[in-house]
Amino acid sequence: MGPTTTTLADVLVPWFRAHARDLPWRRPGTTAWGVLVSEIMLQQTPVARVEEPWRAWLERWPRPSAMAAAPASEVLRAWGKLGYPRRALRLHAAAQAIAADHGDVVPADVETLESLPGIGTYTARAVAAFAHGQRVPVVDTNVRRVVARAVLGRADAGAAASRDLADTEALLPDDTADAATMSAALMELGATVCVARTPRCADCPVSGACAWQRLGRPAGDGPARKAQRWAGTDRQVRGRLLDVLRGAPGPVPAAALDAAWLTDPAQRARCLDSLLVDGLVEQLADGRFCLPGEQ
DNA sequence: GAACCGTGGGT
DNA sequence: TACCCAAGGTT
């Protein structure tokens, strides 16, 4: 054994205990189901927009079996405008699988979690670590950015790679409980201090050990991400169509959807078809359209 | 690996 | 105003 050295975890774990935001899904007593719901809602959606819907969901559907019993239409309405509604559909399907195949208990095993709809590399490990206390690396966009800067000395994380898991696993303390806290701390640092656009290095607990800082904060290689377009995209049109159906009490005539996008009828038709393919919309025998399972 | 999938707040 | 970005997953 050589001389003991201060690790990133030695600094970040205490920092997290002192500075962590009081988010509802972090409170004692939160179930694994509650953690899973929060993780799905937080996929590409900011924390501030998730807090209220999360509370409402857990009150209405406190267990997977409760949500599994609800029609998909109600799940989509409760999802509201959180975005990417396929996430809601997959969460509904995951709840049905958990209720039917796992005794209404959210699995703790990463592989089993990954086999559920809508649960990928990140979410499976987040649930394993934050809900079940396992010592597994949890790598999201925040963690990749913190590791890129503090450890690798780069301005930004590149594209996600399989290597990310090993890079992060190396930072976890041996103690299982501390490892989960470290993962939460890395995410918290990336979300509140080591942010993408204008990092607050003056307030950073690890700036003294940061490789990017040591190198003089070199600039990145330009835009790491492609600009997201929005106006006129299929995503916008699909959003408009679904918004009509969410706002209606039941099935609507085709004309109601036509009115939602007059700019380009061909695009509107194509988007409606893709929503049908995705299972986000259904058509009744009488020609009207509705949310799935509604009738 | 890249494109696609919503929505809205921050700068 | 435009553009950036957000606790990703699936194809």
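Reminder, nothing fancy here: chain letters follow the sequence lines and each chain counts from 1.
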Sidechain N-carboxylate O distance under 4.0 Å for A/Asp234, A/Arg238
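Looking at A/Asp234 and A/Arg238, the cut-off is not met.
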A/Arg246 with A/Asp243: basic N within carboxylate O range, under 4.0 Å
yes
Looking only at the side chain of [X] (C-beta and beyond, no hydrogens), which of the listed nucleotides [options] gets closest?
{"X": "A/Ala191", "options": "B/dC5, C/dG8, C/dA7", "result": "C/dA7"}
{"X": "A/Ala196", "options": "B/dT7, C/dC5, B/dC5", "result": "C/dC5"}
{"X": "A/Gln43", "options": "C/dA6, C/dG9, B/dT7", "result": "C/dG9"}

Check if the side chain of A/Thr121 and the base of C/dG8 share a donor-acceptor pair of N or O atoms closer than 3.5 Å.
no
Looking at side-chain heavy atoms only, is the closest gap between [X] and [Y] below 4.5 Å?
{"X": "A/Pro199", "Y": "A/Arg145", "value": "no"}
{"X": "A/Leu76", "Y": "A/Leu89", "value": "yes"}
{"X": "A/Val193", "Y": "A/His19", "value": "no"}
{"X": "A/Val206", "Y": "A/Leu12", "value": "yes"}
{"X": "A/Ile40", "Y": "A/Trp57", "value": "no"}
{"X": "A/Trp25", "Y": "A/Leu42", "value": "yes"}
{"X": "A/Leu245", "Y": "A/Leu257", "value": "yes"}

Would you say A/Arg246 places a side-chain N or O within less than 4.0 Å of OP1 or OP2 belonging to B/dT7?
yes
Specify the closest pair of heavy atoms between [X] and [Y], including all atoms of both residues, with the distance to one decimal.
{"X": "A/Ala124", "Y": "A/Glu114", "answer": "CB-CG, 3.4 Å"}
{"X": "A/Val237", "Y": "A/Arg268", "answer": "CG1-CA, 4.1 Å"}
{"X": "A/Leu189", "Y": "A/Cys204", "answer": "CD1-SG, 4.2 Å"}
{"X": "A/Phe130", "Y": "A/Ala180", "answer": "CE2-O, 3.5 Å"}

Contact list please: [range] against DNA chain C, heavy atoms, distance less than 4.0 Å, in numerical order.
{"range": "residues 77-91 of chain A", "value": "A/Arg86, A/Arg90"}
{"range": "residues 250-264 of chain A", "value": "none"}
{"range": "residues 106-114 of chain A", "value": "none"}

Just call it for [X]: base, sugar-phosphate, or nothing, with non-hydrogen atoms closer than 4.0 Å on any strand.
{"X": "A/Arg229", "answer": "nothing"}
{"X": "A/Asp234", "answer": "sugar-phosphate"}
{"X": "A/Leu23", "answer": "base"}
{"X": "A/Ser38", "answer": "nothing"}
{"X": "A/Thr123", "answer": "sugar-phosphate"}

Rounded to the nearest Å, what distance is computed from the [atom1] atom of residue [X] to the [atom2] atom of nucleotide [N]?
{"X": "A/Ile119", "N": "C/dA7", "atom1": "CD1", "atom2": "C1'", "answer": "14 Å"}
{"X": "A/Asn142", "N": "C/dA6", "atom1": "CG", "atom2": "P", "answer": "7 Å"}
{"X": "A/Leu116", "N": "C/dG9", "atom1": "CG", "atom2": "P", "answer": "12 Å"}
{"X": "A/Trp230", "N": "C/dC3", "atom1": "CH2", "atom2": "P", "answer": "16 Å"}
{"X": "A/Glu51", "N": "C/dA6", "atom1": "CD", "atom2": "P", "answer": "18 Å"}
{"X": "A/Gln236", "N": "B/dG8", "atom1": "CD", "atom2": "P", "answer": "11 Å"}
{"X": "A/Arg145", "N": "C/dG8", "atom1": "CZ", "atom2": "P", "answer": "10 Å"}
{"X": "A/Leu280", "N": "B/dC4", "atom1": "CG", "atom2": "P", "answer": "18 Å"}

Among side-chain atoms of [X] and [Y], is any donor-acceptor pair under 3.5 angstrom?
{"X": "A/Tyr122", "Y": "A/Gln43", "result": "no"}
{"X": "A/Thr192", "Y": "A/Arg21", "result": "no"}
{"X": "A/Ser183", "Y": "A/Arg125", "result": "no"}

Determine the interatomic distance between [atom1] on [N] and the same-named atom on [M]; round to the nearest Å.
{"N": "C/dA6", "M": "B/dC5", "atom1": "C1'", "answer": "14 Å"}
{"N": "B/dA3", "M": "C/dC4", "atom1": "P", "answer": "15 Å"}
{"N": "C/dA7", "M": "B/dG10", "atom1": "P", "answer": "14 Å"}
{"N": "C/dT10", "M": "B/dG1", "atom1": "C1'", "answer": "13 Å"}
{"N": "B/dG8", "M": "C/dG9", "atom1": "P", "answer": "23 Å"}

Please list, for nucleotides 9-11 of chain B, all pairs of protein and nucleotide N/O atoms separated by less than 3.5 Å.
from   : atom 1 : to       : atom 2 : distance (Å)
B/dG10 : N2     : A/Arg197 : NH2    : 3.3

Report all interatomic pairs (protein N or O, nucleotide N or O of nucleotides 1-3 of chain B) with separations under 3.5 Å.
from  : atom 1 : to       : atom 2 : distance (Å)
B/dA3 : OP1    : A/Lys226 : NZ     : 2.9

First encountered from the 5' end of DNA chain C, between A/Gln228 and A/Ala124:
A/Gln228
Identified side-chain contact (heavy atoms from CB on, under 4.5 Å) counterpart of A/Leu241 within the set A/Leu272, A/Val281, A/Leu280
A/Leu272
Would you be so kind as to tabulate the donor-acceptor pairs closer than 3.5 Å made by side chains of residues 172-179 of chain A, with sequence neighbours excluded?
from     : atom 1 : to       : atom 2 : distance (Å)
A/Asp175 : OD2    : A/Ala177 : N      : 3.2
A/Asp175 : OD2    : A/Asp178 : N      : 2.8
A/Asp178 : OD1    : A/Arg17  : NH2    : 3.1

